[in-house]
Amino acid sequence: MDITGTFQYEEDAISAAQGLHAAGIKNVSLMSPIPMHAAEKALGLGKSNVRKFTLIGAILGGLGGFSMCVATALVFIMPTGGRAIIALPPYLLITYETTILIGVLSTLVGFFLVAKLPAWKNRPYRVEANVNRFVVAVESPSSNEVKKAEQIIRGAGALGIEQTGGTL
Amino acid sequence: MTSINRRDFFKFVGAGGAGAGAGYLYAELVKRPQELLVPQVVPPEDYSPGLATWYNTVCNQCSGGCGISVRIREGEAKKIEGNPVHPVNQGRLCALGQSGLNALYNPDRLKTPLRNNNEGRFQGIEWEEAIDELAQKLNESRARRQSDRVQLLTGNIRGHVNGLIGHFMEWVGVASHMQYDFTRPANLYEANQLTFGQSMLPYYDIRNTHYLLSFGADYLGTWLSPVHNSLGYGHLRQGQTEKRGTCIQVEPRMSLSGANADEWLPAVPGSEGSLALGIANVIANGHYTGADQAEWANALTTYTPSNIARLTGISEVDIERIAEEFFTNASLAIAGGAATAGTEGVATHIAVNALNYLAGNIGQKGGVIFNSDPGFAQTSTFEHANYQQMITLAEKMKNNEVDILILHDTNPIFSMPSSSNFQEAMENVPLVVALSGFMDETTAMADLILPTDNYLESWGDDVPEPAVGFSVASISQPVVSRLYDTRSLGDILIDTARMMGTEVSWDSTEAYIQDVWSRIYAQQGGDPSGFDNFWRSALEAGVWGQETASTNQGSTVKPFPVNQLSDVSNKLEGDESEYPFVLHPYLTLTFLDGRGANLPWQQELPDPLTSVVYNSWVELNPGTAVELGVKEGDVLEVTSPSGTIRAPAFIYEAIRPDVVAMPIGQGHEQYGRYAEQRGVNPIDLVVPNFDQRSGALAWAGTRVKILKTGERVLLIKTDGITRTLGRQILGPSEAEHG
Amino acid sequence: MSVLDTIRKYREAGYYKEFDYHWGMTVDLDRCTGCEACVVACQAENNLPIVGESSFAQRREIKWMRIERYWEGEYPNAKLNFIPMFCQQCDEAPCETACPVFATYHNQDGLNTQIYNRCIGTRTCAVYCPYEVRYFNWFTYTWDEPLERQLNPDVSVREKGVMEKCTFCIQRIRQAKDLAKDDDRRKVRDGEVTPACAQSCPTEALVFGDLNDPESRVSKMANDPRGYQVLEEQNTSPSVVYLQKVHGDEEAI
Amino acid sequence: MVMKKLFDHGEPSYEQVNQDVIKSLIETGPKYWMLLATTVGITVVCFIVPWMYQIHMGVGVAGMNRNAVWGTYLSNFIFWIGLSHSGTLLSAVLHITQSDWRKSIYRSAEAMTLFSLMVAATFVMVHVGRLWFIHWSFPIPNPMGLWPNFRSPIMFDVMAITTYLTASSIFIYMGSVPDFAAVRDYSSGLRRRIYTVLSFGWRGTSKEWHTLGWAYTFFAVLVIPLAVSVHSIVSWDFALSTVPGLHQTIFAPYFVCGAIYSGTAGIVTVMYCLRRFLGFERYIGKIHVDYLGKLLIALSMIWTYINIMELFTGWYSGSSAEIEFLKFRLFGFYAPMYWEMILFCAFVPLLMLFKSVRLNWNRMLVISILINIGMLSERFIIVSTSLPRKLLPDSYGFYFPSPAEISITVGSFAMFATLFLIFIKVFPAVSIYEVKETLNPLRRAEKT
């Protein structure tokens, strides 16, 4: 059982979410049709950890790409064109590409991990959240939290409040 | 249900709808077991290359007489190379010789005896039947004692097979055996007979000469023995220790030899002999000090440099310079090609012989060296038919004086001008029997075709002509087993004779050749019991030579019959105002007289000078082309007094503006898939005049006119732009040379 | 030899000089007459396809060895120069670096090898080759029965989509090496191996041998003052040295 | 900076955006199906069938020859790769510079990137002689135990294009996740199930938005240098050879500039179609065509400059090969095509200096198509005037495309159209949430 509250205005939703946080209620999520930079600040979401994935991925990609070039060249020594077996200019090009490739892929992984996606089942959701409403949801509150949560949400000016099972 | 293996399965699956592409790709992918990387460079351990065996025999693609080694693997001929111990070609071989494999494995070879069913169709028959038919007809003729009504006409056959033919003629009653070969330098033979009293060709020592003056002889491409000449040329250029030899070429259209010469002199076509006499005049009057100097000076009075310069278009200065250089250097003059294929071909040769005589080249190293008769060559019953004799034969056939015509390996219908009507005359012969390997134009006229072996499948021997200064004979042996139900010429003759009831002591050509060689062996003083060893070693080497008869150098030069000098101005057929151009047909090293046209490698071999493949063309001077508004590929109509042909134009940089040149060799109507309906045959344009002294066809003495048809074709060639455009291709100092 | 040493060795420009062989050829343009015997010899030895007239018309001929023609001057002073053109087996070959799948590389004999079963047919090598001696199999060429009986069993027949080029008759080199090994010799003697073209050349214009051996005929020829390399400014270090044609008779050998 | 008006016909409401975009995705009329059937038909007949025939027979089906071993397939490859640079520029660069006007057009621009890349990659497959072994050019183990040659410019290409394809598909997909969720919410049945999977269960929580924002920015940052490198690397396929006319240091900027140029022109064409056929007049308006027009003028001038430089360096080299090549390009057989390219790419775009031209969609459509015809010619000329005329004049040849090549070229456009038609029914062609971001925010303060 989850609780969702629908809001017309961004500020109301943010204040509801902040109130819930302040009340020590866990598993609060604030849904919106567009990114809310104000809310992110309010909810204490600073620099995202995705950037670590990107950096580490890119570094690993670069190292991996260069090592791949060197290692595969050494499996069979195949001289070509009188050039060096470990030739820096071409290998750096490959390194450049793999840096980006792995950087992008690990950013993607980072996105999934940080955003905890994909998650297809049993989560509170209101379709309006993707149109023009803001939704504050409390996921599986304990029985003593239910009242308190509903109170805070209503207090912040919710258009409606619902107790639902996971709808998504 | 039949079993489907994996490959089929995937094809099957792939065939269905969406999987088609993927299925196909998969099928390609699994087509054969994955080979390991670099099969050739790092072969797998279990790979053991097969062993090749080499058999030596004699090349039959032209009359150069090269010895060849054929590489055999698993009973199949893989490659023809020069026989390294053969003195003629010393391990080298020309393009045509190497393409002999295409003749052996040609898909258009005749495979069984054929009989013409009189509807223009040929029906396969059994050998027994065919031989029987021939034997019967010959028997009838013999019974009527009409041996003169049976004619044997062959191509150039050398060696002792001729002896067998001679026996055959005796056995079955054939009076005449003629050998007709378009490329045979009949005028050269005649001139040498007249001036030197030699019936054999001398050895022209290109190898050691310092100054080679060639009047139209394409010695690097088609003249006598091109491979041997080329060997000599290489030595002349870079092998001589004293100096690099100089080559001068006189011809209206630059041939391969002209392209390699230091100087190319485009003399007026037909005036080459005059030029030779002009040079002779300068030598006789300024340099020559022999006893007969006065006689020479007298005979050559009219050939003053100024006269000759006017006649030939070569400047007086050049004539005098060449005369001096020719006299002072160890020199050699040769003649051939179109220069000696006019109405005065023999006279031209005599003029060139005179030059050699005056410069003291006879019998000298680097000059003209006479070959002595090896003694074991079969001088026999045949005669070399010149054009005049062929015309006579045509007359005889036309007048129904020939009952049986037996043909072998010769194609007069192609290599004689159509105006000589040889083809029509043949139609009057009741029985034409062709013993040939391919369905050429002449064979197609036959009533009975007996397919003969390829030269790589048959026995024979050969004495190279011209010889190389000492006695050489080579044995030709089968290097592969017969591909088809064919027989060799000799075997057919033996079989026919036997069928006619003649007792023949030899079972086969092989036995005959062996018998002849054993007699020669005995004559040479060999121990009879050692013959087997000798025979085996001769077969292994492919060639046998004797250093006995060496060159007769120096002192024995006979005086030159100066009275043989005569008018050397060749007559050109056709009125100059109506036919403004001189037709210059030439033999190509790719097809020779057309015999190479059925060889795909030769068809795909770019012409050495123009790079054209698969076609005929008409060569024009760039200036002439501009005048006529002709571009490469424009189809031109070339008309001579005796015919018209159409061929695309090719703009050739080195040809006289008043000359058009056409290669001989293409224009076959029959001759297999590679040759048929391709290009034109310029011999058809030739007005059939001949040299009075030798009777040889004057194929270079015709005038033509050119008409642009407006049609254009793509002239297939491999060259792009044949100028270096200032790039460093021919060497660092190339820029200076322009 | 450790891997590092190997790498170091291959990093040096002239590494091939240390190997047993560095096959090379000299072409004496003063001897070459342009007779094209070499062209047919190559065709016979290496199973070059008969591509047919239409392919020729589209300029898709396959001739590992070809003769190029260059005219100088105009009539009547026109001069024709022949120059045989075949794979120059460059030590610094542009084609080798171009192949994404190592279908062409430089082997220890200084040869520029082409591995047919590795080739995927991007044709980059042919674009990069300044000498245009690489030939592509536009189709799977077939031989009219029974011409295929001539095919050399030591040389593979190429299928569609594969690049091919002169190998210096690597099959002959291998055979010569095998024979030398059977004879307990470490090296092939000079003159024991000759590619088909050089073997057939009627004027002995082509000389083949080991450039690493200073005593070999080819090394001596390559040191001739007439020697030069075609398109030298491309810095491909070809293994083929051309000896310039002598113009005029005053220049003695 | 004066804020330009983003919407010509007034701001839509939030619901309106959802409805408009999702309608274009869900409501499919018979016209669409007919159009799709046509493009699929053309693709099959003009592209797939000749290609299959070519795979069966060999690449000889194309008009290439000994001298010109590269032909139309390669020139089309460059063209399509070039076209793909549009999306990156508009999406990534403008994202980083926070230009709001990009938001309604970037989705389809990215789609163009992805699909032109796919078409380009297909041309590589069409080009190679033995397609069935093409996997050997990837660093994956194979039975020969050999790895690809990373020193080869072709391998640079393989790596660059693989990376580009991967990155740009991730880029477009990630940007679409919230919109997939919107479609999911709007639909039912199978479509809902599909979009549920496609949207990964996106709910639009702050955490998700936050993460997406960061990730998206990183994608953008990574994709920009990638795009520049891709066409530089493609140019090096040519420039690293010794072919006169190709062996030029200017090639990398030349190709990159040309790529962005043709890509931007391509976007104008696509924008026109979106407006015309999907009813996005409201979202794609004057500001877009105006800005794109100005961008095109700038690009055309850079492009012209590089072209002049190319001629100059060739002439200045004094090398016979280079000058011969220039002569052939300027006055040879393909000269009309060259001058057509100069006209379309250097002079016609100057018309956009007039506002009346720039703001007129029909005129812009014509200009954008002309630019791409010019760019297609440019790629063709690069290949066909240089390769057949290399360093040895005796080997000079000629190249003319065969019917199969022309057909496959035509088919490639149909293939691109097919992919795009499928795209507009799968992806919301205009980014719903990013358009909403440009609307008046849903805040109490502004409401009252």
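Numbers restart at 1 for each chain; the letters A, B, ... are given by sequence-line order, proteins then strands.
- Interface check for chain C: of the options B:Leu256, B:Val227, B:Leu101, the most heavy-atom pairs under 4.5 Å are formed by B:Leu256.
- Residue contact with chain C, scored on non-hydrogen atoms closer than 4.5 Å, involves the backbone and the side chain of B:Tyr614 alike.
- Under 4.0 Å is where a charged nitrogen must lie from a carboxylate oxygen, and between C:Glu53 and B:Arg678 at least one such pair does.
- Atoms CD and OG, on C:Glu61 and B:Ser611 in that order, are 8.5 Å from each other to the nearest 0.5 Å.
- B:Ala261 touches chain C through its backbone: at least one of N, CA, C or O sits under 4.5 Å from a heavy atom, while the side chain does not.
- Contact annotation for B:Asn89: neither backbone nor side-chain heavy atoms come within less than 4.5 Å of a heavy atom of chain C.
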Could you please spell out the steps behind the side chain to side chain contact (heavy atoms under 4.5 Å, CB included) verdict for B:Asn260 and C:Phe82? CA-CA 9 Å; B:Asn260 286 292; C:Phe82 298 101; 3.9 Å; yes

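- Heavy-atom pairs under 4.5 Å with chain B were tallied for C:Leu147, C:Leu48, C:Leu80, C:Asn47; the largest tally goes to C:Leu147.
- Options C:Gly52, C:Gly34, C:Pro76, C:Ala205 differ in how many heavy-atom pairs under 4.5 Å they form with chain B, and the most are formed by C:Gly52.
- Summarising the local packing, NZ of C:Lys181 is surrounded by 12 or fewer heavy atoms from other residues, nucleotides or ligands at distances under 6.0 Å.
- In this structure, the separation between OH on B:Tyr219 and OG1 on C:Thr33 is 9.5 Å, given to the nearest 0.5 Å.
- Put simply, the side chain of C:Tyr228 never gets that close to the backbone of B:Gln728: no donor and acceptor are under 3.5 Å apart.
- Here the straight-line distance linking atom CD1 of B:Ile729 with atom CG of C:Leu29 works out to 11.5 Å at 0.5 Å rounding.
- The distance from atom CD1 of C:Ile50 to atom CG of B:Asn102, rounded to the nearest 0.5 Å, is 5.5 Å.
- When heavy atoms are compared at a cutoff of 4.5 Å, B:Asp607 approaches chain C solely by way of its backbone atoms N, CA, C and O.
- A salt bridge links B:Arg244 with C:Asp30: the distance from a Lys NZ or Arg NE/NH1/NH2 to an Asp or Glu carboxylate oxygen falls below 4.0 Å.
- When all heavy atoms are compared, the tightest approach of B:Ser230 to C:Thr203 is O-CG2, 3.1 Å.
- Contact annotation for B:Ile721: only backbone heavy atoms (N, CA, C, O) come within less than 4.5 Å of a heavy atom of chain C.
- With a threshold of 4.5 angstrom between heavy atoms, B:Leu93 approaches chain C through N, CA, C or O but not through any side-chain atom.
- At a 4.5 Å heavy-atom cutoff, the contact between B:Leu609 and chain C is made by backbone and side-chain atoms alike.
- Your options are B:Gly234, B:Pro266, B:Gly97, and the one with the most heavy-atom pairs under 4.5 Å with chain C is B:Gly234.
- Taking chain C as the reference chain and counting heavy-atom pairs below 4.5 Å, the highest number among B:Pro657, B:Gly232, B:Gly75 is found for B:Pro657.
- With salt bridges taken as basic N to acidic carboxylate O contacts below 4.0 Å, none links B:Lys78 and C:Glu45.
- In this structure, C:Trp71 CH2 and B:Thr724 OG1 are separated by 13.5 Å, a value rounded to the nearest 0.5 Å.
- Within the 4.5 angstrom heavy-atom criterion, atoms from both the backbone and the side chain of C:Ala57 approach chain B.
- For B:Gln603, no part lies near chain C; criterion is any non-hydrogen pair under 4.5 Å.
- If you measure heavy-atom distances from C:Ile83 to chain B, the contacts under 4.5 Å come from the side chain alone.
- B:Glu653 contributes no side-chain N or O that, together with a main-chain N or O of C:Ala78, makes up a donor-acceptor pair within less than 3.5 Å.
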Can you list the steps and then say if C:Glu68 with B:Thr722 is a side chain to side chain contact (heavy atoms under 4.5 Å, CB included)? CA-CA 8 Å; C:Glu68 298 210 330; B:Thr722 49; over 6 Å; no

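- In this structure, the portion of B:Val613 lying under 4.5 Å from any heavy atom of chain C is its side chain and not its backbone.
- When each of C:Lys245, C:Arg66, C:Glu232 is scored by its heavy-atom pairs under 4.5 Å with chain B, the top score falls to C:Glu232.
- Heavy atoms only, all atoms of each residue included: B:Pro107 and C:Pro146 are closest at CA-CD, 3.7 Å.
- Sorted by first and then second residue, the salt bridge (charged side-chain N to carboxylate O under 4.0 Å, His left out) pairs with a member in residues 144-153 of chain C read B:Glu76-C:Arg149, B:Arg673-C:Asp144; sequence neighbours excluded.
- Side-chain contact between C:Val230 and B:Arg727 is absent, with no heavy-atom pair separated by less than 4.5 Å.
- Within the 4.5 angstrom heavy-atom criterion, atoms from both the backbone and the side chain of B:Ala654 approach chain C.
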Would you sort out whether C:Tyr242 and B:Leu730 count as a side chain to side chain contact (heavy atoms under 4.5 Å, CB included), showing the intermediate values? CA-CA 9 Å; C:Tyr242 289 82; B:Leu730 298 173; over 6 Å; no

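- Residues of residues 35-42 of chain C lying under 4.5 angstrom from chain B, judged on non-hydrogen atoms, are C:Cys35, C:Glu36, C:Ala37, C:Val39, C:Val40, C:Ala41 in numerical order.
- A donor-acceptor pair shorter than 3.5 Å can be found between the side chains of C:Asn152 and B:Arg71.
- With a threshold of 4.5 angstrom between heavy atoms, B:Thr590 does not approach chain C through any atom at all.
- Side-chain N or O atoms of B:Lys79 include none that pairs as donor or acceptor with a backbone N or O of C:Leu151 at under 3.5 Å.
- Rounding to the nearest 0.5 Å gives a distance of 11.5 Å between OG of C:Ser54 and CG of B:Leu714.
- For chain C, no part of B:Pro84 is nearby; none of its heavy atoms comes within less than 4.5 Å.
- Residue B:His235 touches chain C through its backbone alone, counting heavy-atom pairs closer than 4.5 Å.
- Under a 3.5 Å cut-off, the side chain of C:Lys63 and the backbone N or O of B:Glu604 do form a donor-acceptor pair.
- Of the atoms belonging to C:Tyr75, heavy atoms from both backbone and side chain fall under 4.5 Å from chain B.
- With a 4.5 Å cut-off on non-hydrogen atoms, C:Pro49 touches chain B through its backbone but not through its side chain.
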Audit row: C:Glu204, B:Arg92, salt bridge (charged side-chain N to carboxylate O under 4.0 Å, His left out) steps and yes/no: CA-CA 9 Å; C:Glu204 299 175 330; B:Arg92 313 285 158 168; 3.5 Å; yes

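- Contact annotation for C:Gln114: neither backbone nor side-chain heavy atoms come within less than 4.5 Å of a heavy atom of chain B.
- Highest contact tally toward chain C, considering only B:Leu589, B:Leu715, B:Leu605, B:Leu220, is held by B:Leu605 [criterion: heavy-atom pairs under 4.5 Å].
- Comment: C:Arg172 engages B:Glu81 in a salt bridge, judged by a side-chain N to carboxylate O separation of less than 4.0 angstrom.
- Checked by atom type and distance alone, the side chain of C:Arg69 never pairs as donor or acceptor with a backbone atom of B:Asp719 at under 3.5 Å.
- Using a 4.0 Å cut-off between charged nitrogen and carboxylate oxygen, C:Asp28 and B:Arg237 do not count as a salt-bridge pair.
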